[in-house]
Amino acid sequence: MQISSTVFVLSGVTLVAANALGDVTIERVAYQNENAPGGGWYTQFLGGFGIGAPVIDQQGRVAFRAFLGGGTPSTDTATFVGWPGSVQRWAREGEVLGGLGNVFGHNSDNQSGFPWVNDGRVGMLGPTSPGLGVIVGLPGSATTIARAGTPAAGLPAGAVYNGFDALALGPGGVVAFVSTINGGGYSFQRAVFSNAAGPLAPVAVYGQPAPGLSGQTFAHFGGVTFNAAGRMAFKGMTLSGHVLYSNHGGSLTPVAWAGMSIPGAGTLSSIGDLMLAPGFNATGHVTFKANLTSGVTAVVTNRSGTFQHLAVQGMAIPGVAGSQFNSLTLMSPPAFNDTGDVAFACEGWFQGFNHDLVFVSRSGGSAMVAREGLASPIDPSVTYAAIDTTSVRMNNLGQVVFISTISGPGVTGANDRAIFAQETPTGPLVVALREGQAIDIFGDGSMIRTVASFEWSQPQGALLDPAGGTASGAGAINDFGALGVLINFTDGTQGIFRVTIAPTLTCDADVNGDGSVNGLDVECQELAVGGDFSCYAPADADFNQDGAVNGGDVEAVELVMGGGPCP
């Protein structure tokens with residue numbers, strides 16, 4: 001597919017790009033110098049190298065931070081959440097919080113003070129006065145449930161929280177986090193806490209036995225996440241090495257550990273990116289980057305119930321002749337959705353040359369989605385120059401989104417970076433947002449601004465950001481194809497926007513992909529409903545898109561085959 005390289009003026013209405021199969025909508029959530037809800041006006045939005053940029057929940061609410069005018073230095077930052085046209089202030093510096101009764105502090109620390117959002121609730125490892133705290137709640141009811149220097153829930157007398165990281169925000173506002181603890185027999189050791197099962201309590205603690213691993217005790221903890229079912233997974237360490245735990249089955253159980261065999265790949269040496277959360281979907285399966293005892297890195301998953309490798313350094317890239325996966329060491333954690341799709345970016349070796357690539361493995365097959373040096377959807381002569389390997393995200397529809405620089409005719413330093421996204425799981429890529437693009441800020445032509453740069457929340461350093469879905473509030477792309485994006489404009493102003501890549505729903509009854517629509521497609525649909533995808537071309541068997549795979553999908557194929565409308 002080719003999209004015209006014309007610079008479009010976008011507003012709060014749908015834009016259909018030339019020759020595109022779907023729509024890209026850009027809507028203003030907040031703009032610099034606008035009045036902010038609860039008093040004052042926005043003077044600056046906080047982000048910074050992808051950390052703390054806006055996040056989005058499944059309902060399309062965007063959470064973000066801002067500096068405010070009209071106050072004092074002790075009241076000039078706040079966190080907000082809401083939809084375009086309906087934003088609420090969640091908490092402002094100087095306000096008294098619920099729970100431990102402390103005061104919301106200066107909200108500009110990128111290492112801790114950035115928000116998650118889930119079902120309208122916001123969670124932060126937030127600034128409090130005094131001390132860093134874990135804050136969660138709806139707008140107007142932000143509550144500190146743990147704070148540095150206060151007693152650590154469920155631990156012996158004298159043990160206090162010392163610091164926090166790896167916050168996860170689950171359904172209904174439940175949280176999990178890692179804290180260092182001191183006193184009461186502990187000396188700056190770590191523990192995992194959660195309120196998912198009731199009052200806040202420790203889930204795993206330094207020095208305590210590691211369930212399911214005979215004779216081993218916990219020594220360290222890393223990234224934590226929830227899935228959409230409200231279950232938790234985390235990375236950690238025992239004295240014997242790395243381990244990944246989940247309570248999806250009802251009790252804390254090891255899922256992967258150092259020394260475990262990965263069929264066809266080798267023996268697990270360590271779990272990559274210890275401080276970043278694992279991919280953990282609603283069925284309780286996991287995906288992560290694995291370091292093997294052979295010295296190479298692999299992408300592994302147990303999405304089928306047992307572990308398998310999807311990529312190993314030196315392995316041929318499926319479907320791409322003369323290629324192999326090269327450096328997986330520097331890749332970010334893979335994205336993983338509830339249907340078992342896995343997406344990641346890495347380096348590949350292509351007939352003597354090393355290039356960045358985006359790769360997706362789905363239950364129906366694997367494919368390279370984009371590659372450095374190949375044509376982008378902007379124009380056949382405009383190619384991907386450098387893919388941001390930390391930016392790959394995917395929702396439960398299977399839409400993949402990533403950032404890349406581009407090169408070619410008409411490309412300059414002012415327009416050489418863009419967000420690319422799939423409209424459908426197997427569909428072509430479109431441009432969601434590009435530097436140099438003109439934006440109609442208010443949708444009425446009164447203020448047109450040009451995009452200078454943009455950012456969204458991405459994993460970096462020791463910060464949690466699950467790459468797939470929004471179960472833990474990472475919120476890069478929700479299941480409606482929407483992103484929360486901070487845009488900086490060439491005139492020096494900023495804004496928070498919601499960018500939506502609307503999936504194009506199709507109902508091509510040629511489900512076996514043979515170029516004809518006939519009884520063989522009905523038979524193939526029946527097989528797919530029964531779990532046999534050997535002839536099935538679409539990404540999933542829910543042909544009528546009603547959320548269930550059953551005889552209704554077979555009937556829908558028969559209806560369309562007979563000339564009926566799309567379901």
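Computed from a predicted structure; not experimentally measured.
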*Shortest non-hydrogen contact from Q525 toward A541*: NE2-O, 3.0 Å
*So do F307 and V286 actually touch side chain to side chain, heavy atoms under 4.5 Å?*
yes
*For S366 and L310, run side-chain contact (heavy atoms from CB on, under 4.5 Å): C-alpha distance rounded to whole Å, both residues' side-chain angles, the deciding distance at 0.1 Å, then the answer.*
CA-CA 9 Å; S366 302; L310 304 179; over 6 Å; no
_Distance flag, aromatic centroids of F218 and Y206, threshold under 6.0 Å_ = no
*Are the charged groups of R190 and D165 less than 4.0 angstrom apart, N to O?*
yes
*Between S261 and T267, is there a donor-acceptor pair closer than 3.5 Å when you use the side chain of the first and the backbone of the second?*
no
*asked:* Measuring only between side-chain heavy atoms, which start at C-beta, is L213 closer than 4.5 Å to V243?
replied: yes
_Would the distance check show the side chain of N337 and the main-chain N or O of N395 forming a donor-acceptor pair, the cut-off being under 3.5 Å?_
yes
_My understanding is that only one of R303, R362, R393 makes a salt bridge (Lys or Arg N to Asp or Glu O under 4.0 Å) with D341; could you say which?_
R362
*Would you check if the side chain of T500 reaches a backbone N or O of G481 as a donor-acceptor pair within less than 3.5 Å?*
no
*Please confirm whether F325 and F359 have ring centers closer than 6.0 angstrom.*
yes
*asked:* Quick one, F80 and P139 - any side-chain contact, counting heavy atoms below 4.5 Å?
replied: no
_Beyond-backbone contact of I419 with V401, side-chain heavy atoms, under 4.5 angstrom_ = yes
*Grab the two heavy atoms, one from I135 and one from G126, that are nearest each other, plus how far apart they are.*
CD1-CA, 3.9 Å
_S214 backbone acceptor or donor facing Q216 side chain under 3.5 Å_ = no
*For the residue pair L292 and S269, what are the closest heavy atoms and their distance?*
C-CB, 3.6 Å
